[in-house]
Amino acid sequence: MTGAGSLLRLIRDGEAVTRADLVRRTGLARSTVAQRLDVLLAHQLVYEAGGSASTGGRPPTLLAFNQGAGLVLVADLGATHSRLVASDLAGVPLSEATYDMDIAEGPEVVLPWVHERFLALLKEVGRAPRDVRGIGVGVPGPVAFSRGEPVAPPIMPGWDGFSVPGWFSKHYDAPVLVDNDVNIMALGEHWTHWRDVEHLLYVKVGTGIGCGIVADRHIHRGAQGAAGDIGHIRIAGHDDVVCRCGNVGCLEAVAGGRALAHRLTQAGFEAKTSRDVVSLVRAGEPLAIQIVRDAGRHLGEVLASSVNFFNPGAIVIGGDISDAHQQLLAGVREVIFQRSLPLATGDLRIVPSRLGDRAGVIGAAIMVIEHILDPDAIDKAIEAGVAAA
Ligand SMILES: [Zn+2]
């Protein structure tokens, strides 16, 4: 059935800008289109703009999606840094803020803190909590997506099984979606720069290493939300390295930012974090350059198998270490093109992230917007009379 929600989708995607377009695209009777459009207009999800230039007669009224019909609030919570955004319904950030915040403080400290800053963002753009259509939260750990609960996240004490949507429901009457930070980054990067690519891997190389999988233009989370956890794939020849997960030779324990910083410290350099490693690379320190390039090769080893297995059209590399992307990508490319099958690498692009630190909030906003503006969700909301202000 082609309900009002499907008409909204056509208008949002720019595939229909007039009533005639909608009739043509849906095959519905003109009167039916008019009826459904009236509902969308009444809920202020669509507005009519002046007619276009015409060669005579009355110009057709143009239809446009009202991206200001509400807003979404999103938080990309990292281990120690967070980025919060209030965005319109087209995913355009209206106000944005970054903070230092320790996720290990636990949900009862972190979520009230997020809520307070959400209220500040709303105030900044002159909107109220009732204008909020959805909330998105990214966290640095595995998440049971359907429940919005982190699952045994190693660096998030107190969050295991905690219902993030349950906490926000005290303050907002809107859906709350929670996902792993790498997944929302993958979504943000794909939506913004790679929509013509059906299959994409987004690899975050920060303190740890993780991978978001876009398959058929959708995030692939796997049976338990653990898909893409490449940081704990074993690489050859490093059985002397013990990983925080308890296994030996994990990719992350050899090539993650923490491991690289540790090796530089041992060599007498001042390096505590991934960013310190990048600073040393930028300063032209040969040892730093060498270990980042080696890290790229180790990452390339795991990705070469992933390329054969999944055949992505693009691999986007982000995360703090990717700021030294010339060195990192050189190593990645070298091994992937040497080790993957020619058919799989024929059109493969391996590129640095273009959104950088903002990939997560943009992806989280898109995740929420696609959820609330899904045709079925719109039809249900209209039925319940809550689609828009
Ligand atoms: Zn491990």
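Not measured: the values here are computed from a predicted model. Whatever order the structure lists ligands and atoms in, that order sets their numbers, starting from 1.
Note on the Zn ion (ligand 1): protein N/O/S atoms under 2.8 Å are His232 ND1, Cys243 SG, Cys245 SG, Cys250 SG.
Around atom CZ of Arg258, no more than 12 heavy atoms belonging to other residues, nucleotides or ligands sit under 6.0 Å away. With a 6.0 Å radius and a threshold of 12 heavy atoms from other residues, nucleotides or ligands, His262 has its NE2 atom at or below the threshold. Heavy-atom neighbours of Arg234 CZ from other residues, nucleotides or ligands within 6.0 Å: at or below the threshold of 12.
Between the side chain of His190 and the backbone N or O of Val197, at least one donor-acceptor pair lies under 3.5 Å.
The side chain to side chain donor-acceptor pair (under 3.5 Å) test with His81 is passed by exactly one of Asp100, Asp320, Asp357: Asp100.
Taking the side chain as every heavy atom from C-beta outward, Leu303 and Ile317 approach each other to under 4.5 Å.
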